[in-house]
Colleague: 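Please see the structure below; I have some questions.
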Amino acid sequence: MEKVAIRYFSGYIRNWKSLCRELEIQLPLKREEREREILVRAYDKWQLGMMEHMYGMFAIGLWDSEQEKLYVIRDQVGQKQMFYTVAGGELLYSGDINEIAGDARYQKRFNPCMLQQYLFYGYPIGEETFYEGIYKLLPGHYLEWDGKDVKLHTYWKPVFEPDTSKTPEDWAKEIADTAEEILSEEREDTELPYKESFLSGGVDSSYLFAASDAKCANTVGYEESGFDESSLARHTAEVLGKDFCMKLIRPDEYFARIPEVVDKMGQPLGDASAVAFSLGCQAVSEKARVVYSGEGIDEFFGGYNAHKNPLKEDWVYLTCSHIMSEEVVKSLMKDFDEAVKPADPIMPLWNSMEGQDELSKKLTIDISLWLEGDIYLNTDRTSTACGIELHTPFSDLRLFNVARRIPAQCKFMNDQNKYVFRMAAAEKLPEEVAFRKKVGFPVPIRKWLAEETYNRPIAETLFGTASQQFFHQEALHDLWSRYLAGEEFLWSRIYAVYVFLLWYEMKF
């Protein structure tokens, strides 16, 4: 019997070539074989210190027959999902929560306290899930299973240690050199010869597209003015002399896609961009199997205004995204629990950072909870469901190791967020692209929801049987009426409630 057996692997080991040299793995090997060899030999050499040597994205299930222990491991920042539960005396684990929830050994139960947190944040935050007894393995963690007990271990966490000895130019060069190191490894993988890239109007995806071997840029667009970034993306692709494709999304197609996205996501996610991303992934899947995307930079380098704006005294930073106040959630929920506080998932981490500067605290919170709980949940599950492999090179730990040493004054300069990152990008991009204000990824659902053609089936779900179980109907009707009367900003609350109800009707 082999000492080590790889029982589960999902992901991509980016520095595979250097690991093969160090671990004396003879090449060429097919990708599946080389990944297995890397994991087995890395464990033999470094045991659970193996994660310190691997760059990329991964979720691993590894059996050590000598110790008679199973180790389940998730990558440092959580690009790949991993969930687990103990049922029938066995550990069930998977990157797809649907697989665990649908297993006959697990007795499916709804977790009501997760609904309360979800309504506040708009995404499933922290270790708990919407299924009672099923937990998320957090980024930078591994679990140990000896057949009786689960033991959780932290092997990595984001730590910011600002270094004021370098100039902005020094930092920009280090960023550019690190990005080139990462992307050169992607280029060297000749088993993945053709790649495309997602491209928005922002600097992150533009820099990635310019510096990578992607042949074609892909974006989504809308007929509604004020929401369409495709013209900015097209301009960037033209300047770079690369191909460009745009998927036009119309409201009927968007609303028809929501149930499929909710199902594949596994848990409710109130991020409306997930549906647009799904349609974009589907379009790309007709041409390419590996696609680049620029996630990670905003959270590593401070890309959101919430990172720059100072907190009020004695306030805790509740991630860069939350859609309802505690008062609003209380007005909506029938079984509101006063003991469940929005800050509950945040406080242990926040309290552990006493003495650090405010920006470091904010970025640590967003990397640990928001990035993995919303962004990577969306990108991992959506791309996988569409049959493409999404690579996020700018989420590589080596780039974080640069970002974590950059002081706030170099991240915010000249009224720009992530300033030194933009300086690095300017070596590959026109200045107007590198220093373009953040656009975001807007979706016109805030306008579409007001049209009866599209909102009638949504209203049926909002005020259906499941809704009556969870929500005060008068408060929900008031929310709906105010939105239809012109309070457009309420769309995100309505969408989050709708997505939850849709998910609940599907799963329970």
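All values reported here derive from a predicted model rather than from experimental measurement. Worth knowing before you read on, the calculation uses all heavy atoms, side chains too, and leaves out hydrogens, waters and symmetry mates.
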Colleague: Which pair of non-hydrogen atoms, one from Ala276 and one from Val220, has the smallest distance, and what is that distance?
Modeller: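 Scanning both residues completely, I find the closest heavy atoms to be O-CG1, 3.9 Å.
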Colleague: Just by distance, with hydrogens left out, do Tyr292 and Asn218 show a side-chain donor and acceptor under 3.5 Å apart?
Modeller: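 Side chains of Tyr292 and Asn218: no pair found under 3.5 Å.
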Colleague: Go through the steps to decide whether Arg41 and Glu24 satisfy the test salt bridge (charged side-chain N to carboxylate O under 4.0 Å, His left out), and finish with yes or no.
Modeller: CA-CA 9 Å; Arg41 296 200 190 191; Glu24 300 180 343; 5.6 Å; no
Colleague: Within 45 degrees of the axis of the six-membered ring of Tyr194 and under 6.0 Å from its centre: does Lys215 put its NZ or CZ there?
Modeller: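 Pair Lys215/Tyr194 does not count as cation-pi.
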Colleague: For Cys216, does its backbone N or O pair with a side-chain atom of Asp243 as donor and acceptor, under 3.5 Å?
Modeller: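 No, the answer is negative, given that no donor and acceptor are paired below the 3.5 Å cut-off.
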Colleague: Report the C-alpha separation of Glu253 and Lys247 in whole Å, then their side-chain angles, then the decisive distance to 0.1 Å, and conclude whether the salt bridge (charged side-chain N to carboxylate O under 4.0 Å, His left out) test is met.
Modeller: CA-CA 11 Å; Glu253 185 180 26; Lys247 163 65 179 174; 2.8 Å; yes
Colleague: Between Leu183 and Leu208, what is the shortest heavy-atom contact and its length?
Modeller: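 Of all heavy-atom pairs spanning Leu183 and Leu208, the closest is CD2-CD1, 3.7 Å.
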Colleague: Do Lys418 and Lys411 make a side-chain contact, defined as non-hydrogen atoms from C-beta onward lying under 4.5 Å apart?
Modeller: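 No, side chains not in contact.
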Colleague: Taking C-beta and beyond as the side chain, do Cys20 and Ile38 meet within less than 4.5 Å on heavy atoms?
Modeller: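 Yes, their side chains come closer than 4.5 Å.
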Colleague: Would you mind telling me which of Asn111, Leu92, Ile97, Val86 makes a side-chain contact (heavy atoms from CB on, under 4.5 Å) with Ile134?
Modeller: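 Of Asn111, Leu92, Ile97, Val86, side-chain contact (heavy atoms from CB on, under 4.5 Å) with Ile134 is met by Ile97 alone.
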Colleague: Taking it one step at a time, do Ile367 and Phe400 satisfy side chain to side chain contact (heavy atoms under 4.5 Å, CB included)?
Modeller: CA-CA 10 Å; Ile367 291 169; Phe400 170 78; 3.7 Å; yes
Colleague: For the residue pair Phe500 and Phe110, categorise the inter-ring angle as parallel (less than 30°), tilted (30 to 60°) or perpendicular (more than 60°).
Modeller: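 Aromatic pair Phe500/Phe110 classed tilted.
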Colleague: Hey, are Glu180 and Arg187 close enough for a salt bridge, meaning a charged N less than 4.0 Å from a carboxylate O?
Modeller: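 Salt bridge: yes.
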Colleague: Apply the test side chain to side chain donor-acceptor pair (under 3.5 Å) to residues Tyr93 and Thr85: give CA-CA distance (whole Å), side-chain angles for both, the deciding distance (0.1 Å), then the verdict.
Modeller: CA-CA 7 Å; Tyr93 62 98; Thr85 191; over 6 Å; no
Colleague: Considering non-hydrogen atoms only, spot the tightest contact between Val329 and Phe120 and give its length.
Modeller: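 Between these two residues, the closest heavy atoms are CG2-N, 4.0 Å.
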Colleague: Give a yes or no on whether Glu358 atom CD has more than 12 heavy-atom contacts from other residues, nucleotides or ligands under 6.0 Å away.
Modeller: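 More than 12 heavy atoms, drawn from other residues, nucleotides or ligands, come within 6.0 Å of this atom.
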Colleague: Is it true that Arg14 and Asp396 make a salt bridge, defined as a side-chain N closer than 4.0 Å to a carboxylate O?
Modeller: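 Asp396 and Arg14: salt-bridged.
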Colleague: Using a cut-off of 6.0 Å, state whether more than 12 heavy atoms not belonging to Asp335 lie near its atom CG.
Modeller: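 No, the 6.0 Å shell around CG holds no more than 12 heavy atoms from other groups.
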Colleague: For Tyr123 and Trp370, I'd like to know if the aromatic rings sit close, meaning centre-to-centre distance below 6.0 Å.
Modeller: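 Aromatic pair counts; centres sit under 6.0 Å.
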Colleague: Locate the shortest heavy-atom distance separating Leu269 from Ala274; write the atom from each residue and the value.
Modeller: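 Minimum heavy-atom contact is CD2-CB, 4.2 Å.
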Colleague: Do Thr392 and Gln79 get their side chains close enough for a donor-acceptor pair, meaning under 3.5 Å?
Modeller: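 Yes.
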Colleague: Using the side chain to side chain contact (heavy atoms under 4.5 Å, CB included) rule, take Asn417 and Tyr304 through it: C-alpha gap first, then chi angles, then the decisive distance, then the call.
Modeller: CA-CA 7 Å; Asn417 296 352; Tyr304 302 116; 5.5 Å; no
Colleague: For Glu191, does the CD atom sit with more than 12 other heavy atoms under 6.0 Å from it, leaving out its own atoms?
Modeller: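 Yes, the 6.0 Å shell around CD holds more than 12 heavy atoms from other groups.
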Colleague: Only one of Glu372, Gln81, His141, Glu127 passes side chain to side chain donor-acceptor pair (under 3.5 Å) with Lys136; say which it is.
Modeller: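 The side chain to side chain donor-acceptor pair (under 3.5 Å) with Lys136 is passed solely by Glu372 among Glu372, Gln81, His141, Glu127.
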Colleague: Are Phe130 and Tyr118 close enough that their ring centers fall under 6.0 Å?
Modeller: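 Yes, ring centres under 6.0 Å apart.
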Colleague: Can you confirm if the aromatic rings of Phe421 and Phe394 lie within a centre distance of less than 6.0 Å?
Modeller: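 Aromatic pair counts; centres sit under 6.0 Å.
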Colleague: If the plane angle is over 60° it's perpendicular, under 30° parallel, otherwise tilted; pick one for Phe470 and Tyr504.
Modeller: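 Aromatic pair Phe470/Tyr504 classed perpendicular.
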Colleague: Among Asn378, Thr379, Thr384, Asp380, which residue meets the side chain to side chain donor-acceptor pair (under 3.5 Å) test with Thr382?
Modeller: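 Only one of Asn378, Thr379, Thr384, Asp380 forms a side chain to side chain donor-acceptor pair (under 3.5 Å) with Thr382, namely Asn378.
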Colleague: With a 4.5 Å limit on heavy-atom distance, are the side chains of Leu62 and Val40 in contact?
Modeller: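 SC-SC contact between Leu62 and Val40 ruled out.
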Colleague: Kindly confirm or rule out a cation-pi arrangement of Arg398 over Tyr55, judged by NZ or CZ under 6.0 Å from the six-membered ring centre and within 45° of its axis?
Modeller: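 Output yes; distance and angle both within limits.
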Colleague: Just do the side chain to side chain contact (heavy atoms under 4.5 Å, CB included) check on Gln76 and Tyr155 with the steps written out, would you?
Modeller: CA-CA 8 Å; Gln76 291 90 340; Tyr155 72 88; 3.8 Å; yes
Colleague: With side chain to side chain contact (heavy atoms under 4.5 Å, CB included) as the criterion, how do Met51 and Tyr142 come out once you've worked through the C-alpha distance, each side chain's angles and the decisive distance to 0.1 Å?
Modeller: CA-CA 10 Å; Met51 290 85 80; Tyr142 70 88; 4.0 Å; yes
Colleague: Any side-chain heavy-atom pair from Tyr71 and Leu143 closer than 4.5 angstrom?
Modeller: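 Not touching, per the 4.5 Å side-chain cut-off.
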Colleague: Between the side chains of Asp189 and Tyr12, is a donor N or O closer than 3.5 angstrom to an acceptor N or O?
Modeller: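 A pair is found: one side chain offers a donor N or O, the other an acceptor, under 3.5 Å apart.
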Colleague: Is the closest basic N to carboxylate O distance between Glu196 and Arg289 below 4.0 Å?
Modeller: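 So Glu196 does not pair with Arg289 through a salt bridge.
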Colleague: Indicate whether the side chain of His307 and that of Asp298 have a donor and an acceptor atom separated by less than 3.5 Å.
Modeller: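 No pair is found: no donor N or O on one side chain lies under 3.5 Å from an acceptor on the other.
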Colleague: Are Glu90 and Arg105 ion-paired here, with the side-chain N under 4.0 Å from a carboxylate O?
Modeller: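 Salt bridge between Glu90 and Arg105, a charged N being under 4.0 Å from a carboxylate O: yes.
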Colleague: Is the shortest side-chain N to carboxylate O distance from Lys264 to Glu260 below 4.0 Å?
Modeller: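 Answer for the salt bridge query: no.
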Colleague: Please walk me through it: do Glu185 and Lys17 pass salt bridge (charged side-chain N to carboxylate O under 4.0 Å, His left out)?
Modeller: CA-CA 8 Å; Glu185 292 173 346; Lys17 187 169 278 190; over 6 Å; no
Colleague: Quick check: closest heavy atoms across Asp366 and Cys320, and the distance to 0.1 Å?
Modeller: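 Answer, listing the atom of Asp366 first, then Cys320: OD1-N, 3.0 Å.
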Colleague: Mark yes when over 12 heavy atoms from residues, nucleotides or ligands other than Tyr135 sit less than 6.0 Å from its OH; otherwise mark no.
Modeller: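 Result for OH/Tyr135: open.
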Colleague: What I want to check is whether the side chains of Ser205 and Ser200 have a donor and an acceptor closer together than 3.5 Å.
Modeller: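 Yes, because at least one side-chain N or O of Ser205 sits under 3.5 Å from a partner of the opposite role on Ser200.
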Colleague: Ion pair present between Arg31 and Glu389, side-chain N to carboxylate O less than 4.0 angstrom?
Modeller: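 So Arg31 pairs with Glu389 through a salt bridge.
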Colleague: Taking atom NZ as the centre, does Lys157 end up with more than 12 heavy-atom neighbours from other residues, nucleotides or ligands that are less than 6.0 angstrom away?
Modeller: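 Atom NZ in Lys157 is not packed in, count stays at 12 or less.
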Colleague: Would you indicate whether the side-chain heavy atoms of Met114 and Val340 approach each other to under 4.5 Å?
Modeller: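 No, every pair of side-chain atoms sits at 4.5 Å or beyond.
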Colleague: Any donor-acceptor pair under 3.5 Å linking the side-chain atoms of Ser273 with those of Asp271?
Modeller: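 Ser273 and Asp271 do have a side-chain donor-acceptor pair below 3.5 Å.
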Colleague: Quick one: does Trp63's side chain get under 4.5 Å of Glu2's, heavy atoms only?
Modeller: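 They are not in side-chain contact.
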Colleague: Give a yes or no on whether a salt bridge exists between Lys151 and Asp146, defined as a side-chain N under 4.0 angstrom from a carboxylate O.
Modeller: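 Not counted as a salt bridge, because no side-chain N and carboxylate O are separated by less than 4.0 Å.
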Colleague: If we check ring pair (Phe, Tyr, Trp, His ring centres under 6.0 Å) with Tyr131, which of these qualifies: Trp503, Tyr84, Phe83?
Modeller: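 Only match with Tyr131 under ring pair (Phe, Tyr, Trp, His ring centres under 6.0 Å): Trp503.
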Colleague: Could you pull out the closest heavy-atom pair between Ser293 and Leu390, with the gap in Å?
Modeller: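 The pair with the smallest heavy-atom distance is CB-CD1, 3.9 Å.
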Colleague: Is Lys361 positioned over the aromatic face of Trp350, cation under 6.0 angstrom from the ring centre and no more than 45 degrees off axis?
Modeller: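 Geometry flag: set, cation within 6.0 Å and 45°.
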Colleague: Would Lys108 and Phe508 count as a cation-pi pair here, with the cationic atom under 6.0 angstrom from the ring centre and within 45° of the axis?
Modeller: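 Yes, cation above the ring, under 6.0 Å and within 45°.
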Colleague: Flag the pair Pro345 / Gln117 as yes when at least one side-chain heavy-atom distance between them is below 4.5 Å, and no otherwise.
Modeller: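 Counting from C-beta outward, Pro345 and Gln117 do come under 4.5 Å.
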Colleague: Between Phe209 and Phe198, does the ring centroid distance fall short of 6.0 Å?
Modeller: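 Judged by ring-centre distance (under 6.0 Å), Phe209 and Phe198 do not meet the cut-off.
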